[in-house]
Amino acid sequence: VNAYRLSVDADPSFIIAYEAGYNVSVELGYPDQAASWLKEGIEDNPSNYELVDLLAYHLLSEAKQQEAVDVMASYLKRNAQPSKEALYDYGFFLEKNEQTKQATAYYLKAIEADSLNLHAYYRLGKLYENSLEWKQAYETFSKLLKHLPLNHAYQKEIRTTLEIIERKL
């Protein structure tokens with residue numbers, strides 16, 4: 001850990017050192033110290049999405065959904081052009097925090113930013129399905145099916161889901 005500290009002190013933009021400090025701290029069973037590595041890295045590199053993503057997932061693993069949402073929201077506020085992944089991930093953290101309307105909006109933004117974001121289509125379809133919005137669920141899963149490669153493992157599951165939703169329409 002001391003070697004990573006020296007690396008970060010010498011070059012605060014050395015992202016891998018923050019990640020290594022985080023990983024070692026997690027492995028040694030120090031989750032608070034692990035999170036502090038990421039928070040420091042984000043403070044020193046506010047536009048770095050990789051550290052934000054790691055911290056948010058770390059918080060989620062500790063059942064701190066609202067904190068994960070807050071970390072992602074701060075990143076989005078700081079960055080006029082966030083990574084495409086951030087839009088999807090923010091939707092995911094909102095969904096895990098049971099903020100489904102906001103999650104829906106961010107999944108739609110993620111799809112707008114990257115029309116081939118299969119995860120966003122899937123999560124969005126599941127939100128619609130769970131809220132009994134059958135027409136939107138059907139349309140979303142249909143779009144997902146069109147974008148899936150022919151040999152994709154989820155082809156059968158999506159087809160089955162569409163058949164079930166068809167019966168509800």
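These numbers come from a predicted model, not from an experiment.
- For the pair A68 and L59, the tightest heavy-atom approach, listed with the atom from each and the gap, is N-CD1, 3.9 Å.
- By the 6.0 Å contact criterion, NZ on K84 is open, its count of non-hydrogen atoms from other residues, nucleotides or ligands being 12 or less.
- A cation-pi arrangement, defined by a distance under 6.0 Å to the six-membered ring centre and an angle within 45 degrees of its axis, is absent between R167 and W134.
- Classified by interplanar angle (parallel below 30°, tilted 30° to 60°, perpendicular above 60°), the ring pair Y154/H152 is tilted.
- Side chain of Y90 to backbone of A110: no donor-acceptor contact under 3.5 angstrom is found.
- Criterion: ILVMFWY side-chain heavy atoms under 4.5 Å apart, direct or through other members. Under it, L132 and Y138 are part of a common hydrophobic cluster.
- For the residue pair Q99 and N97, a side-chain donor N or O sits within less than 3.5 Å of a side-chain acceptor on the partner.
- Side chain to side chain, Y57 and D89 meet the donor-acceptor criterion of an N or O pair below 3.5 Å.
- In this structure, the side chains of Q33 and V1 come closer than 4.5 Å at one or more pairs of heavy atoms.
- Side-chain atoms of D70 and Q66 form a donor-acceptor pair, as typed in the model, at a separation below 3.5 Å.
- Under a 4.0 Å N-O distance rule, the pair E133/K168 does not qualify as a salt bridge.
- Looking at heavy atoms from C-beta onward, L76 lies in side-chain contact with L87 at the 4.5 angstrom threshold.
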Exercise for the section: Check the pair F141 / Y128 against side-chain contact (heavy atoms from CB on, under 4.5 Å), numbers first and verdict last. Expected result: CA-CA 10 Å; F141 283 123; Y128 286 142; over 6 Å; no
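- For residues 94-104, the salt bridge (charged side-chain N to carboxylate O under 4.0 Å, His left out) pairs, not counting sequence neighbours, are E95-R123.
- Within the 4.5 Å cutoff, the side chain of N45 has heavy atoms near those of the S13 side chain.
- With contacts defined as side-chain heavy-atom distances shorter than 4.5 Å, the pair R5/V8 qualifies.
- Here the straight-line distance linking atom CG of D114 with atom OG of S83 works out to 11.0 Å at 0.5 Å rounding.
- Its side chain within the 4.5 Å cluster rule, I16 clusters with F14 among the Ile, Leu, Val, Met, Phe, Trp and Tyr residues.
- Between F92 and H119, a ring centre-to-centre spacing not shorter than 6.0 Å is recorded.
- Between G91 and A103, the shortest heavy-atom distance links the atoms O-CB, 3.3 Å.
- The shortest heavy-atom contact between F93 and M72 is CD1-CG, 3.4 Å.
- Closest heavy-atom contact between Y122 and E157: OH-OE2, 3.0 Å.
- Within the 6.0 Å centre-distance limit, the rings of Y88 and Y107 are counted as a close aromatic pair.
- Atoms NE2 and CD1, on H147 and I111 in that order, are 8.5 Å from each other to the nearest 0.5 Å.
- Listed for the Y22 side chain is no donor-acceptor partner under 3.5 Å among the backbone atoms of L55.
- Side-chain N or O atoms of Q136 include none that pairs as donor or acceptor with a backbone N or O of E129 at under 3.5 Å.
- Of all heavy-atom pairs spanning P46 and N79, the tightest one is O-ND2, 3.5 Å.
- A continuous path of Ile, Leu, Val, Met, Phe, Trp and Tyr side chains, each step under 4.5 Å between heavy atoms, connects L145 with L169, placing both in one hydrophobic cluster.
- Annotation: side chain of R78 is in contact with side chain of S74 (closest heavy-atom distance under 4.5 Å).
- Contact annotation: the side chain of I42 never approaches that of N48 to less than 4.5 Å [non-hydrogen atoms, C-beta and beyond].
- Checked for salt-bridge contact, E112 and K109 miss the test: no charged N lies under 4.0 Å from a carboxylate O.
- Within 6.0 Å of the CD atom in E166, the count of heavy atoms belonging to other residues, nucleotides or ligands exceeds 12.
- Nearest heavy atom pair, residue G41 against residue L51, reads C-CD1, 3.5 Å.
- By the 4.5 Å heavy-atom criterion applied to side chains, Y75 and P82 are counted as neighbours.
- H58 contributes a side-chain N or O that, together with a main-chain N or O of P31, makes up a donor-acceptor pair within less than 3.5 Å.
- Under the 4.5 Å side-chain contact rule for hydrophobic residues, Y4 and L6 do not share a cluster.
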